[in-house]
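Below is one structure, written out as structure tokens, with a few remarks after it.
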Amino acid sequence: MAWRANLSRGVREIRFLFCQSSPASAPAREFVKKNYGDIKARNPSLPVLIRECSSVEPQLWARYDMGVERCVRLDGLTEAQIDSKLEELAKAGQSLKSK
């Protein structure tokens with residue numbers, strides 16, 4: 001997970017959206033509980049926003065330079081798959097920066 005240390009190089013903001021009680025959002029809630037501390041410790045200046053809203057579909061948003069945003073739906077994904085999606089968003093930020 002060395003990529004986590006470089007997360008803030010290509011990403012300007014990370015947002016997790018999920019429902020506080022729905023079973024579909026349970027893996028996203030657990031991912032945040034287990035990984036928020038590590039992500040913030042490695043990227044202290046990176047805003048990591050947690051948005052809870054009743055009945056919302058779990059989502060992960062990444063904001064890049066120039067206001068570009070990308071969203072990944074997390075419904076049905078495991079915690080490991082969510083970690084993989086976050087890594088994909090981080091790598092997408094690196095490729096956007098090199099253009």
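- Inspection of the Asn43 and Arg9 side chains reveals no N or O donor paired with an N or O acceptor under 3.5 Å.
- Lys34 is linked by a side chain to side chain contact (heavy atoms under 4.5 Å, CB included) to Glu30, Glu79, counting only residues two or more places apart in sequence or in another chain.
- For Thr78, the side chain to side chain contact (heavy atoms under 4.5 Å, CB included) criterion is met by Ala80, Gln81, not counting sequence neighbours.
- Separation of atoms NZ (Lys91) and CG (Leu7) is listed at 12.0 Å; rounding is to 0.5 Å.
- Scanning for side chain to side chain donor-acceptor pair (under 3.5 Å) contacts around Arg15 gives Glu13, Glu69, with sequence neighbours left out.
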Would you be so kind as to tabulate the donor-acceptor pairs closer than 3.5 Å made by side chains of residues 45-56, with sequence neighbours excluded?
none

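- Between the CG atom of Asp38 and the CZ atom of Arg4 there is a distance of 5.0 Å, given to the nearest 0.5 Å.
- Partners of Asp75 by side chain to side chain donor-acceptor pair (under 3.5 Å), not counting sequence neighbours: none found.
- Residues Pro27 and Ile82 meet the side-chain proximity criterion, which asks for heavy atoms closer than 4.5 Å.
- In terms of the side chain to side chain donor-acceptor pair (under 3.5 Å) criterion, residue partners of Ser22 (sequence neighbours excluded) are, by chain and number, Ser25.
- Listed by first and then second residue, the salt bridge (Lys or Arg N to Asp or Glu O under 4.0 Å) pairs that reach into residues 17-28 come to none, sequence neighbours excluded.
- In this structure, Arg29 and Cys19 approach most closely via the heavy-atom pair NH1-O, 2.8 Å.
- Atoms CD1 and OG, on Ile39 and Ser8 in that order, are 11.5 Å from each other to the nearest 0.5 Å.
- Qualifying ring pair (Phe, Tyr, Trp, His ring centres under 6.0 Å) partners for Phe31, counting only residues two or more places apart in sequence or in other chains: Phe16.
- In this structure Lys40 satisfies the salt bridge (Lys or Arg N to Asp or Glu O under 4.0 Å) test with no other residue, sequence neighbours excluded.
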Applying side chain to side chain contact (heavy atoms under 4.5 Å, CB included) to Trp3 and Asp83, what does each step give before you reach the verdict? CA-CA 11 Å; Trp3 61 268; Asp83 192 57; 3.6 Å; yes

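- Counting heavy atoms from C-beta outward, Leu17 and Leu74 have side chains that stay 4.5 Å or more apart.
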Test side chain to side chain contact (heavy atoms under 4.5 Å, CB included) on Tyr64 and Arg12; report intermediate values, then the result. CA-CA 5 Å; Tyr64 306 103; Arg12 295 290 159 242; 5.6 Å; no

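- The shortest heavy-atom contact between Val11 and Ala90 is CG2-CA, 4.0 Å.
- Taking both residues in full, the closest heavy atoms of Pro58 and Ala24 are given as CG-O, 3.5 Å, listed atom of the first, atom of the second, then distance.
- Residues passing the side chain to side chain donor-acceptor pair (under 3.5 Å) test with Gln59 are Trp61, Arg73, sequence neighbours excluded.
- Side chains of Leu77 and Lys85 form a contact here, defined as non-hydrogen atoms less than 4.5 Å apart.
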